[in-house]
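Data block below; observations after.
Chain naming here is simple, since letters A, B, ... match the order of the sequence lines and numbering starts at 1 in each.
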Amino acid sequence: DTAVSQTPKYLVTQMGNDKSIKCEQNLGHDTMYWYKQDSKKFLKIMFSYNNKELIINETVPNRFSPKSPDKAHLNLHINSLELGDSAVYFCASSQGSGNFYEQYFGPGTRLTVT
Amino acid sequence: EDQVTQSPEALRLQEGESSSLNCSYTVSGLRGLFWYRQDPGKGPEFLFTLYSAGEEKEKERLKATLTKKESFLHITAPKPEDSATYLCAREGSSASKIIFGSGTRLSIRP
């Protein structure tokens, strides 16, 4: 049973396109996150949702828009893709907010913008 | 600015050769310190959370310790399957931030 799943696993697209990455967790957690891992392997938090409410919104271009239709899903939509958006994007979930607790990560989506 | 620095960047050990990974941080305040393991092509996997200086936690061949300024991940008699990148993270000075280090790439030779 997959705890945190992401689709697609790989995404290759051209500059200027709009794309979405989907994330689902079946752990019953109430908090979900999006992270970006760059080529130097630094993981940076982008967004966090608790019970469908945005609680963390780091300094991210407004071309990135998260959407949480319910507690089990957190999608990431990216408009007007740029070369610098190429990275691996991870979704994660945890129980509880305010502290980061134990997070469960998805397998990642490798985005390549050409 | 809050920072988390891990050293060494890469470490190659012989099977059975014990060593330690370091995580130092400039974040003030008493908040959580996390260790994760990341295998190539996969998402990080949670290992430990530490909150108080002096706290220690163990899991199989791994032991994490915490002081006021740094954390160590000690690996005792490692095996090849312990090869991975180990990430350290610290909750930031505000409750809404978590900061990851760039990791230590650990390789264990049989």
Side-chain angles (χ1 to χ4, degrees), chain A residues 2-10 21 23-25 27 29 31-50 53-60 74 87-112, chain B residues 1-11 21 23 25 27 29-52 55 57 59 62 64 71 83-107:
Chain A
T2 304
V4 181
S5 60
Q6 295 178 229
T7 54
K9 187 163 176 62
Y10 300 96
I21 306 172
C23 177
E24 177 181 2
Q25 55 95 3
L27 298 167
H29 288 165
T31 305
M32 296 184 72
Y33 312 83
W34 276 112
Y35 287 87
K36 178 180 180 180
Q37 189 170 45
D38 61 24
S39 57
K40 294 183 178 180
K41 302 299 183 185
F42 274 103
L43 260 176
K44 291 185 180 178
I45 190 165
M46 301 171 68
F47 303 103
S48 174
Y49 270 75
N50 174 255
E53 181 182 344
L54 181 65
I55 58 172
I56 295 175
N57 187 357
E58 289 296 302
T59 307
V60 175
L74 180 62
V88 181
Y89 292 84
F90 287 100
C91 176
S93 72
S94 69
Q95 183 59 33
S97 64
N99 293 306
F100 283 88
Y101 301 119
E102 176 179 341
Q103 294 186 43
Y104 290 79
F105 283 78
T109 295
R110 182 174 293 277
L111 171 64
T112 303
Chain B
E1 185 181 338
D2 297 339
Q3 278 192 327
V4 175
T5 303
Q6 291 188 247
S7 62
E9 189 174 315
L11 181 61
L21 314 182
C23 171
Y25 43 85
V27 177
L30 195 65
R31 294 190 179 276
L33 185 288
F34 310 93
W35 283 98
Y36 284 83
R37 168 189 171 132
Q38 186 173 21
D39 292 299
K42 296 189 176 181
E45 176 187 343
F46 173 80
L47 292 174
F48 305 108
T49 304
L50 302 167
Y51 286 105
S52 307
E55 189 175 356
K57 288 193 177 174
K59 180 179 180 179
L62 299 175
S71 177
S83 298
T85 296
Y86 290 86
L87 300 170
C88 165
R90 181 84 163 136
E91 287 192 76
S93 52
S94 67
S96 63
K97 291 190 73 171
I98 183 167
I99 301 158
F100 277 82
S102 59
T104 292
R105 200 167 55 253
L106 178 65
S107 175

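Contacts between B:Leu47 and chain A at a heavy-atom distance below 4.5 Å are absent for every atom of the residue.
Chain A forms more heavy-atom pairs under 4.5 Å with one residue of B:Pro44, B:Gly41, B:Gly43 than with any other, namely B:Pro44. Chain B forms the most heavy-atom pairs under 4.5 Å with one residue out of A:Cys91, A:Pro107, A:Ala92, and that residue is A:Pro107.
In the displayed structure, A:Arg110 atom CZ is contacted under 6.0 Å by at most 12 heavy atoms of other residues, nucleotides or ligands. A 6.0 Å sphere centred on NZ of B:Lys42 holds no more than 12 heavy atoms belonging to other residues, nucleotides or ligands.
Between the OH atom in A:Tyr104 and the CZ atom in B:Phe46 there is a gap of 8.0 Å [rounded to 0.5 Å].
Residues forming a ring pair (Phe, Tyr, Trp, His ring centres under 6.0 Å) with A:Phe105 (at least two apart in sequence, or on another chain): A:Tyr35, B:Tyr36. Residues passing the salt bridge (charged side-chain N to carboxylate O under 4.0 Å, His left out) test with B:Glu45: none are found, sequence neighbours excluded.
At least one side-chain heavy atom of B:Gln38 sits under 4.5 Å from a side-chain heavy atom of A:Gln37.
Closest heavy-atom contact between A:Lys41 and B:Ser102: CB-O, 4.0 Å.
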*Take A:Lys44 and B:Ile99 through the side-chain contact (heavy atoms from CB on, under 4.5 Å) test and state the conclusion after the steps.*
CA-CA 7 Å; A:Lys44 291 185 180 178; B:Ile99 301 158; over 6 Å; no

